[in-house]
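Order of the sequence lines fixes the chain letters, A, B, ..., with proteins taken first and strands second; residue numbering starts at 1 for each chain. Predicted, not measured: the structure shown is a model, and the values here were computed from it.
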Number of protein chains: 2
Amino acid sequence: MKQQKPTESELEILGILWEKGASTVREVHEKLAETKDAGYTTTLKLMQIMYEKGLLTRDASSKTHIYAAAVSQQETQQQLLSKMIDTVFGGSASQLVLQALGHHKSSDKELDQIRQYLNDIEKQQR
Amino acid sequence: MKQQKPTESELEILGILWEKGASTVREVHEKLAETKDAGYTTTLKLMQIMYEKGLLTRDASSKTHIYAAAVSQQETQQQLLSKMIDTVFGGSASQLVLQALGHHKSSDKELDQIRQYLNDIEKQQR
DNA sequence: ATTTGTTTACGAAGATATTCGTAGATGTTC
DNA sequence: GAACATCTACGAATATCTTCGTAAACAAAT
C-alpha cells in the first residue's frame, strides 16, 4: 500500500502538521495564512480531501475536528528525494548533497553531525 | 526575470535535455517512453509549451526542430531544493543531507568529494 | 429564543496540466 | 508523382488541483 504523492498544497499542510502535531483546521489555516492567502474553507476542503485520500487522520468526536498527518515525514522525504535525485540531479545523490551544502546554511553542529555520519560509513567499510 | 516553476512532466523533459544535450522531439520521446507511456504528440505538445514559456530554446531551421534546455540545471536544482527543504524538511538543509546520504548509495569517490567540501568549509572558518 | 460566530459538508467554478486526434506540410521511396 | 512516413501546429477533451460560496449544524452570548 504505497502512499500517493501529495500535491504542493498538501505538502504545505503536512509540513505544518509534522511540525505542530495534531491540529484543528483553524490552527493549520492560521499558520498557512502567514505565508499565503487563501480562505478558510479552502484549507478545510483541502484537509477533507487529504483525509479521504488517507494522508490525514482525524478525530471527529467533538464538533471541531482534530487532524493529524497519516504519513510519516521521513517516508515522504524519501519518496520526494528519490524522485528529485532521479529527474533533477541525474541520479546522483551526492550531487544533491553538495548543492544543498553549498547554498543553504547549516550550523556547525549540523555540519558535525554530517561529518560524524560520514565517519561511521567509513568505519563500516573496513 | 525569475524562472517559472516547471511541472512534473516538464522536469522529466528538462532532465533528459540536460543529460543528452540538444535533441529532437523524437529523441526525447524515445527516452521518455522507456519509463512512461505517452503518445508522441503528447511529448511534442509539452515541448512546444515549454518553448513558449521560455523553458526551452529551439532551432527551427530544418524541418525537424532541435530543442535545448533554456534554464540551467543548477539554478533549477537550487529552486527546487529550497522549496523542498522549506516545506518537507522543516527548513533544515542538513536534515535533507542526512536523509539523502542514508538512503541513496554514493560511491567512495563521491563521499570523498563531500568530505573534501566539509573540510574546506572548516578551514574557511578559522 | 434570537442573534452572532464558528464549524463542517457539499458542490461547483476556475485554473492548470496532461493527453491525444486530426490536418497539413515536408521529406523519402519506389 | 503517388504512396508512405514523419514532422509540426492546432484545438479540444480529459484529468487534476485549487478556490470559494452557500447552507446547515451547533455553541455561546445577550
Per-nucleotide protein contact string for nucleotides 23-30 of chain D, where B marks a base within reach and S marks sugar-phosphate only (heavy atoms under 4.0 Å, - for neither): --BB----

Sugar-phosphate, base or nothing in reach of Thr7(B), heavy atoms under 4.0 Å: sugar-phosphate

Sugar-phosphate, base or nothing in reach of Ser9(B), heavy atoms under 4.0 Å: sugar-phosphate

Euclidean distance, Asp59(A) CG relative to Thr24(A) OG1, rounded to 0.5 Å: 12.0 Å

Value rounded to 0.5 Å, distance of CG in Leu81(A) from OG1 in Thr76(A): 11.0 Å

Side chain to side chain, Gln74(B) and His103(A), heavy atoms closer than 4.5 Å: yes

Any Thr42(A) side-chain nitrogen or oxygen under 4.0 Å from OP1 or OP2 of dC20(D): yes

Phosphate OP1/OP2 of dT19(C): any Tyr40(B) side-chain N/O under 4.0 Å: no

Integer-rounded Å distance: [N] [atom2] and [X] [atom1]:
{"X": "Glu10(A)", "N": "dT18(D)", "atom1": "CD", "atom2": "P", "answer": "7 Å"}
{"X": "Glu8(B)", "N": "dC17(D)", "atom1": "CD", "atom2": "P", "answer": "11 Å"}
{"X": "Lys5(A)", "N": "dT18(C)", "atom1": "NZ", "atom2": "C1'", "answer": "14 Å"}
{"X": "Leu44(B)", "N": "dA9(D)", "atom1": "CG", "atom2": "P", "answer": "7 Å"}

Gly21(B) backbone acceptor or donor facing Ser23(B) side chain under 3.5 Å: yes

Residues touching DNA chain C, which here means a heavy atom under 4.0 Å, drawn from residues 45-61 of chain A: Lys45(A), Gln48(A), Arg58(A)

Residues touching DNA chain C, which here means a heavy atom under 4.0 Å, drawn from residues 13-30 of chain B: none

Residue pair [X] / [Y], side-chain donor-acceptor N/O under 3.5 Å:
{"X": "Ser94(A)", "Y": "Ser92(A)", "result": "yes"}
{"X": "Asp120(A)", "Y": "Gln124(A)", "result": "no"}
{"X": "Gln99(A)", "Y": "His104(A)", "result": "no"}

Option from Lys5(B), Lys53(B), Lys45(B) for which salt bridge (charged side-chain N to carboxylate O under 4.0 Å, His left out) with Glu10(B) holds: Lys53(B)

Ile16(B) with Tyr51(B), same ILVMFWY side-chain cluster at under 4.5 Å: yes

Joint hydrophobic cluster, Leu14(A) plus Ile66(A), side-chain heavy atoms closer than 4.5 Å: no

Asp112(B) bridged to Arg115(B) by N-O distance under 4.0 Å: yes

